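Heads up, the thing below is written out as structure tokens.
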Amino acid sequence: MKDFQLYNTLSGKKELFKPLAGKEVRMYVCGITPYDDAHIGHARCYIVFDLLRRYLEYLGYDVKYIQNVTDIDDKIIKKSRDTGKTPDDIAGKYFNEFLKSMELLNVRPATLYPRVSENIDEIIVFIKGLIRKGSAYESAGSVYFSTDSFKNYGKLSGRNPEDMLSADAEHAAEKKNKSDFALWKKDKEFSWESPWGRGRPGWHIECSVLSKKFLGEKFDIHGGGLDLIFPHHENEVAQSEALTGKNPVKFWVHNGMVNLKGDKMAKSTGNFFLLNDLLENYDPMIVRMYLLSTGYRQVLNFDISELADTKKAFNKLCEFKKELYQVFGKVPDSDKGKVKLPETVENVLNNDLNTSAAIGEVFKIVNPLTEKFLKGDFNKLDISQGLAAVSAMENILGINLSIDRGPDADRVEKLLEKRRRLREEKKYAAADKIRDKLLKEGIYIKDTLSGARWFRK
RNA sequence: GGCGCGGUACCCAAGAGGCUUAAGGGGACGGUUUGCAAAACCGCUAUUCGCCGGUUCAAAUCCGGCCCGCGCCUCCA
């Protein structure tokens, strides 16, 4: 087995993945700000990190996966003002909906989803520490991080603050330097008591605090969308390293954006496609397969018409699984334990999680086997290869292949048996009537050399 | 202006110096099979990888220039 190579934003290269300590992998992924419905871009991100988590576990690591919930935020506060609902209610509602969608997409829950609002004390302690170290200063009731004080500022994103267009003119007067950013924001309305008066945390501080609290000062993987590299993750590195003197994260992993009509999908620009609108019309497993059919670091240009292509590919694999179980004689228990993947699949996943190639390798196994199974010309090795291919799809890529065992399966089987006898007697009109009847119910029949099969489209 | 990513067949999309005279999926076309149909499978669909030069025994893969698209520098997965 070749070793797992993972792209690290910090070095700009693929690196051999090795945890900091033993068999444990500590992973932190930036979670959502629950103020509105999730779009496809959110789904992609959490599917990608679910895949990474599954693969690490397959490789034998114990993964501790922390995903924060940003339940204090300008957008939530705005929505609260607009609707009269409390920020808590809003965050709770959308977070629950997010979890429901994730469950549909077969994204396994994180180990823990800590909320910012429940960790204010730790945030204040962290900021006090930064002020004590001379890395931050209070100004007009807010606290800012002094980017000048941190010599490595820019190391993650490869930027020089001098070269960038100026930003945040609103608070420029309060800052010593234009690239300084807020750790604590003065606020009366949605606020907590602090040594600097009433206020609430800045955006970046939560991730430094929560990762340190739950994973320690140094941990293995920090993930999130590519758009978070600057300023969010850059600032996070600055805060954490300024306080502890240690480089907090070994591997920074970022997923590519989802674009719509050529531009980035984002709530703020109105250019987005809601996840729920997609899940209502497509099997979530097809959505998952679609999102994993492009490499995770590539831009994915979302086009709903391509879902139909994925659906056909997906159905083919489902058919294969059915055929496999048919020849296997029984439906095995879904593989929860350690199942060896096909070596070709493992090789491509070891190359920075190449999911496109992994799906390609699955088809390379499945296509010739399907013919063998249909002809009844197969051996034990064929079956174990088939099972390994299905396991790769289901257990690692997380794309469950349905084999459509509904409550009316017995009824359908009986009808098919009746049709078989009619065809044997060459009573084709009567046989076709059964086929038409089932077709009206959305059930398709396919005749193979080893008997009729049925499926829903 | 600064930093970064990408342009591969009709569409989607891997490959990042020789294993590939470029995976896999969809589509089109031809075939096997079939009472018919559907499905499945097989074959076929890029002598070529945005354009122009260069390095090398060897380049889609490395270097230089150019053209085009996208992301970040403001909230963002």
Side-chain angles (χ1 to χ4, degrees), chain A residues 9 12 14 29-33 35 38-49 70 73-75 154 157-170 179 203 223-232 234 254-259 262-269 272 289-290 293-295 297-301 303 305-317 319-320 323 344 348 351 354-364 366-375 423 426-429 431-432 435-436 439 444-449 452-455 457:
Chain A
T9 306
K14 289 177 194 171
V29 175
C30 282
I32 56 161
T33 301
Y35 75 103
H39 62 237
I40 321 283
H42 297 112
R44 184 186 196 193
C45 174
Y46 300 107
I47 285 172
V48 163
F49 288 102
T70 306
D73 164 88
D74 291 353
K75 293 185 289 295
S157 59
R159 288 157 200 256
N160 176 358
E162 301 304 314
D163 295 336
M164 291 185 287
L165 302 170
S166 59
D168 190 22
E170 197 184 336
S179 56
W203 175 33
L226 199 72
D227 53 349
L228 296 182
I229 294 174
F230 191 91
H232 186 54
E234 190 68 63
H254 293 98
N255 65 280
M257 297 293 96
V258 175
N259 281 190
D263 294 312
K264 181 180 150 183
M265 204 176 279
K267 279 274 170 179
S268 56
T269 56
F272 59 84
M289 183 163 163
Y290 171 73
S293 63
T294 297
R297 288 196 288 126
Q298 276 336 352
V299 174
L300 191 157
N301 209 282
D303 181 346
S305 69
E306 286 162 12
L307 265 293
D309 295 351
T310 305
K311 183 176 181 173
K312 282 178 185 160
F314 174 76
N315 282 153
K316 218 162 146 179
L317 295 176
E319 282 303 292
F320 171 77
E323 205 57 50
T344 50
V348 296
N351 182 16
N354 188 339
T355 50
S356 318
I359 293 169
E361 294 301 336
V362 166
F363 272 99
K364 279 195 223 170
V366 161
N367 287 338
L369 284 183
T370 304
E371 195 187 15
K372 284 184 165 190
F373 291 160
L374 289 173
K375 284 183 177 159
R423 290 177 72 212
K426 300 208 187 299
K427 292 176 180 165
Y428 293 124
D432 288 351
R435 185 168 69 195
D436 292 344
L439 189 63
Y444 290 72
I445 291 174
K446 117 182 179 194
D447 292 314
T448 73
L449 290 180
R453 309 270 192 267
W454 61 279
F455 59 97
K457 239 177 189 169

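Naming convention: chains lettered A, B, ... in sequence-line order (proteins, then strands); numbering from 1 in each chain. The structure displayed is predicted, hence computed values, not measured ones.
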Across the strands shown, which category fits A/Lys364 at heavy-atom distances under 4.0 angstrom: base, sugar-phosphate, nothing? sugar-phosphate
Sorted by chain and residue number, the side chain to side chain contact (heavy atoms under 4.5 Å, CB included) partners of A/Thr355 (sequence neighbours excluded) come out as A/Leu51, A/Leu292, A/Leu349, A/Leu397
Roughly how many Å is it from NZ in A/Lys312 to C1' in B/rA28, rounded to a whole number? 12 Å
Once each nucleotide of nucleotides 6-13 of chain B is scored for protein heavy atoms under 4.0 Å, what B/S/- sequence comes out, 5' to 3'? S-----SS
Side chain to side chain contact (heavy atoms under 4.5 Å, CB included) partners for A/Lys312, two or more places apart: none
Could one point to a donor on the side chain of A/Arg435 or the base of B/rA37 with an acceptor on the other under 3.5 Å away? yes
Is the shortest side-chain N/O distance from A/Lys316 to OP1 or OP2 of B/rA39 below 4.0 Å? no
Taking the same atom, C1', in B/rA60 and in B/rG7, what whole-Å distance lies between them? 12 Å
Roughly, in whole Å, what's the span from CD in A/Glu323 to P in B/rA38? 19 Å
With a non-hydrogen cut-off below 4.0 angstrom, is A/Lys426 in contact with a base, only sugar-phosphate, or nothing? nothing
Expressed as a whole number of angstroms, how long is the span from A/Phe230:CZ to B/rG2:P? 16 Å
Residues two or more places apart in sequence or in another chain: which of them pass side chain to side chain donor-acceptor pair (under 3.5 Å) with A/Thr9? A/His254
Using the P atom as the point on both nucleotides, what is the distance between B/rC62 and B/rG15, in whole Å? 13 Å
If I take atom CG from residue A/Asp309 and atom OG from residue A/Ser293, how far apart are they, to the nearest 0.5 angstrom? 9.5 Å
Would you mind telling me which residue lines up with the more 5' stretch of RNA chain B, A/Asp163 or A/Cys45, judged by nearest nucleotide? A/Asp163
Taking atom C1' in both B/rC75 and B/rG69, compute the distance separating them and give it to the nearest angstrom. 24 Å
Sugar-phosphate only, base, or nothing, as touched by A/Gly224 at under 4.0 Å among non-hydrogen atoms: sugar-phosphate
Heavy atoms under 4.0 Å, any strand shown: does A/Gly256 hit a base, just sugar-phosphate, or nothing? base
Regarding A/Val48, tell me which of base, sugar-phosphate or nothing describes its non-hydrogen contacts under 4.0 Å with the strands shown. nothing
Please name all residues satisfying ring pair (Phe, Tyr, Trp, His ring centres under 6.0 Å) with A/Phe320, sequence neighbours left out, ordered by chain then number. A/Phe373
Under 4.0 Å between any heavy atoms, over every strand shown, what does A/Asn354 touch: base, sugar-phosphate, or nothing? Just pick one. sugar-phosphate
Is A/His254 touching bases, backbone alone, or none of the nucleic acid, heavy atoms closer than 4.0 Å? nothing
Can you tell me the distance, in whole Å, between the CD1 atom of A/Ile229 and the C1' atom of B/rG4? 8 Å
What contact category does A/Phe320 fall into here, base, sugar-phosphate, or nothing, at under 4.0 angstrom with non-hydrogen atoms? nothing
For A/Tyr428 and B/rG35, do the ring centres fall under 5.5 Å apart while the planes stay under 30° apart? yes
Partner set under side chain to side chain contact (heavy atoms under 4.5 Å, CB included) for A/Lys75, not counting sequence neighbours: A/Tyr35, A/Asp73
Between B/rU45 and B/rA22, how far apart are the P atoms? Round to whole Å, please. 10 Å
Please determine whether any donor N or O and acceptor N or O are separated by less than 3.5 Å between the side chain of A/Asp432 and the base of B/rG35. yes
A/Leu228 CG - B/rG71 P separation (whole Å): 15 Å
Spacing of A/Ile40 atom CD1 and A/Phe272 atom CZ [to the nearest 0.5 Å]: 10.5 Å
Given B/rG25, is OP1 or OP2 found less than 4.0 Å from the side-chain N or O atoms of A/Lys311? no
B/rC41 P sits how many Å from A/Phe363 CZ, rounded? 9 Å
Taking atom P of B/rC72 as reference, at what distance in whole Å does atom CG of A/Asp263 sit? 10 Å
So A/Ser157, base contact, sugar-phosphate only, or nothing? Heavy-atom distance under 4.0 Å. sugar-phosphate
Taking the P atom of each, how far is B/rG24 from B/rA46, in whole Å? 14 Å
With sequence neighbours excluded, what pairs up with A/Glu371 under the side chain to side chain contact (heavy atoms under 4.5 Å, CB included) test? A/Lys375
With no angle test and no hydrogens, is the base of B/rG35 tied to the side chain of A/Arg423 by a donor-acceptor pair under 3.5 Å? yes
Just compare B/rA77, B/rC72, B/rA38 and give me whichever is closest to any side-chain atom of A/Lys446. B/rA38
Quick one: stems for RNA chain B, with Watson-Crick or G-U pairs under 3.5 Å, at least three in a row? B:1-7 with B:67-73, B:10-12 with B:24-26, B:29-32 with B:40-43, B:50-54 with B:62-66
In whole Å, measure the gap between the P atoms of B/rA13 and B/rU8 for me. 9 Å
Closest listed nucleotide, where the reference is the side chain of A/Thr33 and the choices are B/rG71, B/rA38, B/rA77: B/rA77
May I ask you to say what A/Asp227 touches in the nucleic acid, namely base, sugar-phosphate or nothing, with a heavy-atom cut-off under 4.0 Å? base
Decide side chain to side chain contact (heavy atoms under 4.5 Å, CB included) for A/Asn315 and A/Lys311; before the verdict, give the C-alpha distance in whole Å, the side-chain angles of both, and the deciding distance to 0.1 Å. CA-CA 6 Å; A/Asn315 282 153; A/Lys311 183 176 181 173; 3.8 Å; yes
How many angstroms lie between CG in A/Leu439 and CG in A/Asp432, if you round to the nearest 0.5 Å? 11.0 Å
Separation between the C1' atoms of B/rA58 and B/rC67, rounded to whole Å: 28 Å
Could you work out, with side chain to side chain donor-acceptor pair (under 3.5 Å) as the rule, every residue matching A/Tyr290, not counting sequence neighbours? A/Glu306
Side-chain contact check for A/Asp447: nearest option of B/rG71, B/rG25, B/rA38 is B/rA38
Among the nucleotides B/rA38, B/rA77, B/rG15, which one has an atom lying closest to any side-chain atom of A/Asn351? B/rG15
What integer number of Å spans the P atoms of B/rC11 and B/rG50? 14 Å
Taken to the nearest whole Å, CG/A/Asn160 to P/B/rG4 is 12 Å
Check whether any side-chain nitrogen or oxygen of A/Asn367 sits under 4.0 Å from OP1 or OP2 of B/rG25, and answer yes or no. yes
Start with the C-alpha gap between A/Met164 and A/Arg159, add the side-chain angles, then the distance that decides, and say whether side chain to side chain contact (heavy atoms under 4.5 Å, CB included) holds. CA-CA 8 Å; A/Met164 291 185 287; A/Arg159 288 157 200 256; 3.8 Å; yes
Considering the options A/Arg44, A/Met265, A/Lys264, A/Gln298, which one meets the side-chain contact (heavy atoms from CB on, under 4.5 Å) requirement together with A/Met257? A/Lys264
